Amino acid sequence: MTTDNSPATEDDLPEQLRIRREKRASLIERGIEPYPVAVARTKSLKEVREKYTDLAVDVATGDIESLTGRIIFKRDTGKLCFATLREGDGTELQAMLSLDKVGQDQLDAWKSDIDLGDMVSVTGEIITSKRGELSILATSWALASKSLRPLPNDHKPMSEETRVRMRYVDLIVRPEARVAARMRPAVMRSLRETFNSESFIEVETPMLQVMHGGATARPFKTFSNAYDMDLYMRIAPELFLKRCVVGGIERVFEINRNFRNEGADSSHSPEFAMVESYMAYGDWRSIADVTRSLIQNAAMAVAGSHVVTHHDGRQADLGGTWKEISLYDAISEGVGEKVTALTSIDELKKYATKLGMKIDPKWVTGKLAEEIFEHVAQDKLVEPTFVMGYPVDTSPLVRAHRETPGVVEKWDLYVDGFELATGYSELIDPVIQRERLIEQAQLGAKGDLEAMQVDEDFLRAMEFGMPPMGGMGMGVDRLLMALTGLGIRETILFPLVKPEAD
RNA sequence: GGGCCUAUAGCUCAGUCGGUAGAGCAACGGACUUUUAAUCCGUGGGUCGACAGUUCGAGCCUGUCUGGGCCCA
């Protein structure tokens with residue numbers, strides 16, 4: 001936010017903001033720097049907490065330290081003042097200022113100049129109070145940064161909107177926000193370690209693409225001035241990772257952002273982190289094993305167990321091998337009739353209508369089958385479940401099932417009722433691939449905004465020979481959701497939010 | 001895209017039947033040398049999301065718009 005120092009604006013400020021600006025001005029007038037370049041700091045609060053774990057009540061250690069933190073509570077009792085300091089990871093430590101240690105002037109200055117939210121450096125002895133609280137008893141103190149805005153009530157949760165709009169404040173006041181922010185990098189690290197231990201190589205492929213592909217989704221479109229042409233934000237890295245495999249990076253992965261210009265809700269964000277991986281000489285089964293390892297190792301890394309505890313206390317067991325169901329078996333069970341990939345669209349429409357579903361006339365046969373599946377089975381997909389065998393017409397990059405006609409070797413992994421990951425035996429025949437992409441392009445020409453384009457360079461790469469392989473993709477945000485039970489906007493530090501009205 | 005809920009002090013929220021706007025925390029002034037959301041006494045702080053309408057009178061009723069949340073397709 002830009003600062004506006006015009007007098008009229010200053011006068012319009014709410015009382016609490018105006019008072020703090022006045023305090024800042026007063027400090028400067030008295031020659032006290034409210035934003036010093038450096039303050040004394042010999043240890044973190046965490047280091048002090050870890051060093052003194054078993055002190056008795058009312059003990060003076062003789063150890064002098066300089067500690068910093070944000071003031072989160074203040075308690076003044078006249079000639080003795082208490083303050084709770086908090087540092088970034090949430091570690092707190094009490095600071096004490098007494099008249100006999102700091103003198104009248106410094107004590108008065110503390111009372112008048114220091115507000116909740118200010119950052120300070122306190123120098124003094126590490127002690128325990130008469131109530132046994134580990135504390136630093138100040139001999140001197142200095143302002144590290146003056147806060148010009150009051151912190152929200154530390155004891156009431158901020159509204160969901162305020163939390164998202166002011167994540168920086170959320171991180172100061174809400175422990176769950178601090179945990180969530182630190183869980184994402186822990187999961188990322190775990191994913192990379194799992195890949196590394198299996199000799200996968202991490203690559204970075206283009207986010208700005210000349211044509212979009214690798215998934216069926218609406219892309220964000222942008223424009224390059226230098227190249228004078230339209231570009232697309234990538235919807236998936238798939239086609240580039242497969243080029244890597246053609247080039248001999250036989251086990252490859254990428255963890256990076258994808259962008260999809262579609263709806264946003266509690267499980268969809270317009271930009272989301274995705275891990276995608278390909279394994280030469282693997283297939284849908286071997287890549288499913290890799291996926292399970294990635295998830296279970298991530299659970300172990302953040303929860304110390306394959307059983308994770310959600311924020312609401314509910315536990316989810318991600319351990320062991322996971323249930324597998326067949327997509328078409330589940331549909332057949334749901335509609336009470338035998339349904340296969342060869343069942344006609346008219347039959348499917350009849351079943352869907354009987355189920356009370358609204359049918360989009362643009363849906364192809366396979367899409368309708370998937371919709372029926374979601375309708376009849378989604379509630380049953382809470383424990384980790386591989387749904388095996390998808391229709392060919394919605395999966396243009398997957399090879400045909402080795403036994404079942406009309407089906408491709410694709411699984412979706414469901415956890416907590418949402419789709420967490422997908423995996424294929426990849427289509428490696430360039431001639432069939434071209435046919436599939438041409439079909440997609442024809443859908444696109446008919447107005448399907450999610451259809452893929454024909455990527456001639458990708459087809460050329462395939463024509464050089466692509467080894468048999470398994471591939472997978474998994475939403476990192478959704479993995480965090482599965483591990484924590486949080487909504488996607490709580491797993492993303494700064495989710496897209498519309499600007500506040502003036 | 002459709003439905004429902006929601007917007008009031010810095011923060012979290014009350015606000016009855018349409019009749020001059022309330023609480024807790026926070027802030028300001030004062031007291032207090034062992035507090036743990038300290039306590040006690042006192043004080044201030046509001047364009048009730050925006051615009052229009054109904055009405056003698058609107059935080060409250062109606063409409064439109066904007067932001068946020070939930071559910072559905």
Side-chain angles (χ1 to χ4, degrees), chain A residues 11-23 26 57-60 71-86 92-104 106-108 110-118 127-138 147-166 168-170 172-175 218 262-268 352-353 355-363 367-368 370-372 374-375 378-379 417 449 487-490 495-502:
Chain A
D11 288 345
D12 289 345
L13 281 177
E15 179 191 39
Q16 299 201 39
L17 272 60
R18 182 174 44 76
I19 287 167
R20 290 192 179 217
R21 275 164 173 74
E22 287 165 6
K23 286 186 179 183
S26 162
V57 167
D58 203 12
V59 170
I71 293 175
I72 227 72
F73 299 122
K74 279 184 79 183
R75 299 174 290 277
D76 296 352
T77 68
K79 299 183 178 63
L80 180 63
C81 296
F82 301 88
T84 303
L85 304 183
R86 181 184 288 167
E92 295 177 0
L93 194 79
Q94 177 169 269
M96 298 169 61
L97 291 91
S98 69
L99 176 63
D100 54 2
K101 295 285 185 199
V102 300
Q104 191 68 53
Q106 282 300 295
L107 194 67
D108 288 346
W110 174 269
K111 287 186 193 176
S112 63
D113 295 342
I114 298 301
D115 293 306
L116 292 187
D118 288 354
I127 65 161
T128 54
S129 72
K130 285 181 182 169
R131 294 290 175 87
E133 183 76 31
L134 185 64
S135 307
I136 181 166
L137 179 60
S147 168
L148 296 185
R149 288 177 181 268
L151 283 178
N153 186 340
D154 199 71
H155 317 292
K156 298 265 188 177
M158 290 194 297
S159 66
E160 206 153 333
E161 181 176 2
T162 312
R163 294 210 305 252
V164 171
R165 287 197 187 279
M166 298 198 285
Y168 36 91
V169 180
D170 191 27
I172 293 168
V173 300
R174 198 168 57 97
R218 285 184 72 171
E262 297 173 344
D265 58 33
S266 57
S267 65
H268 295 82
T353 305
L355 289 165
M357 294 172 56
K358 281 187 186 163
I359 300 166
D360 186 331
K362 290 200 290 282
W363 288 345
K367 176 70 176 168
L368 180 55
E370 289 178 19
E371 293 289 334
I372 294 172
E374 297 222 332
H375 186 86
Q378 189 131 26
D379 300 345
L449 297 166
I488 198 166
R489 285 162 74 84
E490 297 288 343
L496 185 65
V497 59
K498 287 192 186 177
E500 292 163 88
D502 286 330

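Quick caveat, the model's predicted, so the values are computed rather than measured. Lettering of chains follows the sequences in order, A, B, ..., and the numbering in each one begins at 1.
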Undergrad: Between B:C60 and B:A14, how far is it from one C1' atom to the other, in whole Å?
TA: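 Each nucleotide's C1' atom is 14 Å from the other's.
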Undergrad: Categorize A:Asp100 for me: base, sugar-phosphate, or nothing, with a 4.0 angstrom heavy-atom threshold over every strand shown.
TA: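 Answer is base: heavy atoms of A:Asp100 come under 4.0 Å of a base.
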Undergrad: Determine whether a donor-acceptor pair (one donor, one acceptor, N or O, separation below 3.5 Å) exists between the side chain of A:Gln16 and the base of B:G10.
TA: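 By the distance-only test, yes, there is a pair.
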Undergrad: Could you let me know what B:C48 is paired to, Watson-Crick or G-U wobble, both distances under 3.5 Å, or none if it's on its own?
TA: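 For B:C48, the partner nucleotide comes out as none, under the 3.5 Å rule.
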Undergrad: Scan A:Ile19 against the nucleic acid and name what it touches under 4.0 Å (heavy atoms): base, sugar-phosphate only, or nothing.
TA: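 Touches sugar-phosphate only.
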Undergrad: For a quick test of reading the model, state the closest non-hydrogen atom pair linking A:Leu97 to A:Ala138 and the distance between them.
TA: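 Heavy-atom minimum between the residues: CG-CB, 3.9 Å.
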Undergrad: Does B:G22 pair with anything, Watson-Crick or G-U wobble, both distances under 3.5 Å, and if so, with which nucleotide?
TA: B:C13
Undergrad: Round to a whole Å and report the spacing from CD of A:Glu161 to C1' of B:C5.
TA: 14 Å
Undergrad: In whole Å, what separates the P atom of B:G44 from that of B:C56?
TA: 36 Å
Undergrad: Quick one: is A:Lys130 getting a side-chain N or O under 4.0 Å of the B:U34 phosphate, OP1 or OP2?
TA: no
Undergrad: Quote, to the nearest angstrom, the P distance that separates B:U64 from B:C5.
TA: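 About 14 Å, rounded to a whole number of Å.
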Undergrad: Tell me the interatomic distance from A:Arg21, atom CZ, to B:G10, atom C1', rounded to whole angstroms.
TA: 12 Å
Undergrad: Is the phosphate of B:A7, meaning OP1 or OP2, less than 4.0 Å from a side-chain N or O of A:Ser159?
TA: no
Undergrad: Rounding to an integer number of Å, can you tell me how far A:Gln104 CD sits from B:C32 C1'?
TA: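 Interatomic distance, CD of A:Gln104 to C1' of B:C32: 13 Å.
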Undergrad: Quote, to the nearest angstrom, the P distance that separates B:C51 from B:U66.
TA: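 Per the computed distance, 15 Å lies between those P atoms.
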Undergrad: Can you check the distance between B:G49 and B:A9, where both ends of the measurement are the C1' atom (answer in whole Å)?
TA: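 The answer is 15 Å between these two C1' atoms.
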Undergrad: Is a donor-acceptor pair below 3.5 Å formed from side chain A:Glu15 to base B:G44, judging by atom type as modelled?
TA: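 Per atom types, the contact qualifies.
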Undergrad: Taking B:A50 as the reference, what is the distance to B:G59 when you measure between their P atoms (whole Å, please)?
TA: 11 Å
Undergrad: State whether the number of non-hydrogen atoms from other residues, nucleotides or ligands found under 6.0 Å of A:Lys74 atom NZ is greater than 12.
TA: yes
Undergrad: So what does A:Arg489 hit on the nucleic acid, given a heavy-atom distance under 4.0 Å: a base, only sugar-phosphate, or nothing?
TA: sugar-phosphate
Undergrad: So, OP1 or OP2 of B:C25: does either fall under 4.0 Å of a side-chain N or O from A:Lys156?
TA: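 False: A:Lys156 side-chain N/O out of range (4.0 Å or more) of B:C25 OP1/OP2.
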Undergrad: Return yes when atom CZ of A:Arg75 has more than 12 non-hydrogen atoms of other residues, nucleotides or ligands closer than 6.0 Å, and no otherwise.
TA: yes
Undergrad: Over all strands shown, is A:Lys101 touching base, sugar-phosphate only, or nothing at heavy-atom distances under 4.0 angstrom?
TA: nothing
Undergrad: Check every strand shown and say whether A:Asp76 touches a base, only sugar-phosphate, or nothing at a heavy-atom separation below 4.0 Å.
TA: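 Base contact - A:Asp76 has a heavy atom under 4.0 Å of at least one base atom.
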Undergrad: With P as the reference atom in both, quote the distance from B:G15 to B:A7 in angstrom, rounded to an integer.
TA: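 Pairwise P distance, B:G15 against B:A7, rounds to 10 Å.
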Undergrad: Base, sugar-phosphate, or nothing: which does A:Thr84 touch, judged by heavy atoms less than 4.0 Å apart?
TA: nothing
Undergrad: A:Thr77 has a side chain; which of B:G68, B:U12, B:A38 sits nearest to it?
TA: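 Nearest to the side chain of A:Thr77 among the choices is B:A38.
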Undergrad: Base, sugar-phosphate, or nothing: which does A:Leu151 touch, judged by heavy atoms less than 4.0 Å apart?
TA: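 Touches nothing.
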Undergrad: Quick one: do A:Lys23 and A:Asp115 make a salt bridge, cutoff under 4.0 Å?
TA: yes
Undergrad: Measure CD/A:Gln94 against P/B:A38 and give the value in whole Å, please.
TA: 10 Å
Undergrad: For residues A:Arg489 and A:Val164, report the shortest heavy-atom separation together with the two atoms involved.
TA: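 Closest approach of A:Arg489 to A:Val164: NH2-CG1, 3.7 Å.
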Undergrad: Round to a whole Å and report the spacing from CE of A:Met357 to P of B:C72.
TA: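 So the two atoms are 14 Å apart, to the nearest Å.
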Undergrad: Rounding to an integer number of angstrom, what distance separates B:U16 and B:U6 when you compare their P atoms?
TA: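 Pairwise P distance, B:U16 against B:U6, rounds to 13 Å.
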Undergrad: Taking a pair as Watson-Crick or G-U wobble with both distances under 3.5 Å, which nucleotide is matched to B:G67?
TA: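 Base-paired to B:U6.
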Undergrad: When the distance from CG of A:Asp360 to C1' of B:G1 is rounded to whole Å, what number comes out?
TA: 12 Å
Undergrad: Check every strand shown and say whether A:Met96 touches a base, only sugar-phosphate, or nothing at a heavy-atom separation below 4.0 Å.
TA: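 It contacts base atoms.
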Undergrad: Would you mind pulling out the nucleotide paired to B:C28, Watson-Crick or G-U wobble, both distances under 3.5 Å?
TA: B:G42
